[in-house]
Amino acid sequence: MIKAIKATATTSKAKDQIAPIAPKMLAETIVDAIVEAAARGQYLPGDRVVEADLARQLNVSRVPVREALRLLESRGVVENMPYRGMRLMEVSRDSMRSLRKVRMTLEMLAASEVQERARHEPGLLDPIVDCVQELREVAQAEDYYRTALFDIEFHRRMCLLTGNRALMQAWEPLALQLTIVIGLSTYLQPSLDDIVREHEELLSILQGGTHEDLEKHMHTHILEVPDAVNYERLRDGEVRVSSEEP
């Protein structure tokens, strides 16, 4: 659902509004705008998402917003809670453990296939090589949001390289949730260097490491992360969060 990424640094610190979009855009574009707002910390886990407010901020009618929210609900990004309205997904220990287990299964399958094919297909990993370079650039520019996007894009490209349509159909719905979780977590990192280093190491293993190296790194990269993140630091303004101007 998240479209192709263009590496541009963001310097604005405004976070009160989501950038307006033209009325002709479809519900999928609105989905991307909502996910971006959540990944930037404009909405935090459990926050209410109001259809009328979104329509006004995005400069569209309520109909495509309603459609977008239904799509996000089907992907587990928002929840329609009795007496509480539509709210951004909660990020609990149990939900994160479940998400990581599914992600690990899918991405380990993809990584194993890609590693094996790369031994015999020169150039197979070029899209991932390009992604790592773009990741370095946005991290160097301290663009936290796009660093999170290129983090996700690395794993998307790895899955795409398998050519396994069923795998992508299972992975892609997770991408929206991952974009939000990784986006918020990225803002809480003291430095973006570790994110870049982890992906450089994973690329190196895909290029010439052993299967055992791959299993160990994937386990650390995906599973050995905190179960709970203090997103309230974002709500309280302790961490800088930026958003793009219209």
Side-chain angles (χ1 to χ4, degrees), residues 1-2 31 34-35 38-39 41 43-46 71-81 87-118 128 131-132 135 147-189 194-206 209-232 234:
M1 191 66 63
I2 302 299
V31 165
I34 295 171
V35 170
Y43 292 109
L44 294 178
L71 179 56
L72 288 170
E73 186 178 13
S74 73
R75 301 290 177 86
V77 174
V78 298
E79 301 172 284
N80 195 357
M81 307 179 71
R87 293 181 180 270
L88 189 66
M89 65 182 191
E90 294 284 357
V91 179
S92 66
R93 292 179 183 272
D94 288 343
S95 65
M96 287 302 95
R97 285 172 180 170
S98 297
L99 181 63
R100 289 200 302 271
K101 285 180 180 178
V102 175
R103 181 188 179 193
M104 179 66 180
T105 299
L106 295 173
E107 293 193 16
M108 190 63 215
L109 172 61
S112 297
E113 291 187 10
V114 169
Q115 184 188 51
E116 181 60 30
R117 285 180 54 195
I128 298 181
C131 187
V132 169
L135 178 62
T147 297
L149 285 189
F150 279 111
D151 183 331
I152 294 292
E153 185 66 13
F154 180 105
H155 297 272
R156 175 182 282 108
R157 293 184 189 186
M158 184 175 69
C159 292
L160 281 169
L161 287 176
T162 66
N164 188 328
R165 184 177 179 183
L167 189 154
M168 283 306 301
Q169 288 175 333
W171 184 89
E172 198 63 55
L174 300 179
L176 295 179
Q177 294 185 48
L178 289 173
T179 299
I180 294 170
V181 172
I182 292 176
L184 293 175
S185 298
T186 298
Y187 282 110
L188 296 170
Q189 297 297 317
D194 287 344
I195 296 175
V196 175
R197 177 182 52 77
E198 285 185 19
H199 290 84
E200 289 174 337
E201 290 176 358
L202 179 51
L203 172 59
S204 178
I205 292 170
L206 290 172
T210 66
H211 185 73
E212 290 72 23
D213 292 336
L214 182 61
E215 284 186 322
K216 181 179 180 180
H217 186 87
M218 290 290 286
H219 189 278
T220 301
H221 185 63
I222 295 177
L223 296 181
E224 292 184 10
V225 294
D227 287 322
V229 178
N230 185 10
Y231 297 121
E232 294 303 315
L234 294 174

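Everything quoted here is computed from the prediction, not taken from an experiment.
- Scanning for salt bridge (charged side-chain N to carboxylate O under 4.0 Å, His left out) contacts around E215 gives an empty result, with sequence neighbours left out.
- With sequence neighbours left out, the side-chain contact (heavy atoms from CB on, under 4.5 Å) criterion links A111 to M158, L206, L214, M218.
- Residues passing the side-chain hydrogen bond (donor to acceptor under 3.5 Å, both in side chains) test with E79, sequence neighbours excluded: none.
- A side chain to side chain contact (heavy atoms under 4.5 Å, CB included) with I34 is found for exactly one of I180, V77, L88, L72, namely L72.
- Rounding to the nearest 0.5 Å places CG of L167 at 5.0 Å from CG of L109.
- Nearest heavy-atom pair across L184 and P45 is CD1-CD, 3.8 Å.
- In this structure, E153 and L135 have side chains that are not in contact, with every pair of non-hydrogen atoms separated by 4.5 Å or more.
- The side-chain contact (heavy atoms from CB on, under 4.5 Å) check on L174 picks up L99, V102, L106, L178, with sequence neighbours excluded.
- Evaluation of the side-chain hydrogen bond (donor to acceptor under 3.5 Å, both in side chains) rule for E200 yields R136 as partners, not counting sequence neighbours.
- Considering every non-hydrogen atom in both D213 and I205, the closest pair reads O-CD1, 3.8 Å.
- The structure places CD1 of I222 at 14.0 Å from NZ of K101, a figure rounded to the nearest 0.5 Å.
- Residues satisfying the side-chain contact (heavy atoms from CB on, under 4.5 Å) test with E198, not counting sequence neighbours, are H221.
- For residues 106-115, every residue pair satisfying the side-chain hydrogen bond (donor to acceptor under 3.5 Å, both in side chains) rule, not counting sequence neighbours, is listed here: R103-E107, E107-H155, E107-W171.
- Under the rule for a ring pair (Phe, Tyr, Trp, His ring centres under 6.0 Å), the partners of F154 that lie at least two apart in sequence or sit in another chain are H199.
- Evaluation of the side-chain contact (heavy atoms from CB on, under 4.5 Å) rule for S74 yields L71 as partners, not counting sequence neighbours.
- Here R117 pairs with E121 under the side-chain hydrogen bond (donor to acceptor under 3.5 Å, both in side chains) rule; sequence neighbours left out.
- Residues forming a side-chain hydrogen bond (donor to acceptor under 3.5 Å, both in side chains) with E90 (at least two apart in sequence, or on another chain): none.
- Residues satisfying the salt bridge (charged side-chain N to carboxylate O under 4.0 Å, His left out) criterion with D194, sequence neighbours excluded, are R197.
- Summarising the geometry, atom CD belonging to E73 is positioned 5.0 Å from atom CG belonging to N80; distances are rounded to the nearest 0.5 Å.
- Rounded to the nearest 0.5 angstrom, D151 CG and T186 OG1 are separated by 6.0 Å.
- Annotation: the span from R156 atom CZ to M168 atom CE amounts to 6.5 Å, rounded to 0.5 Å.
- In this structure the side chain of M104 reaches within 4.5 angstrom of the side chain of H219, judged on heavy atoms.
- At least one donor-acceptor pair closer than 3.5 Å links the side chain of S98 to the backbone N or O of D94.
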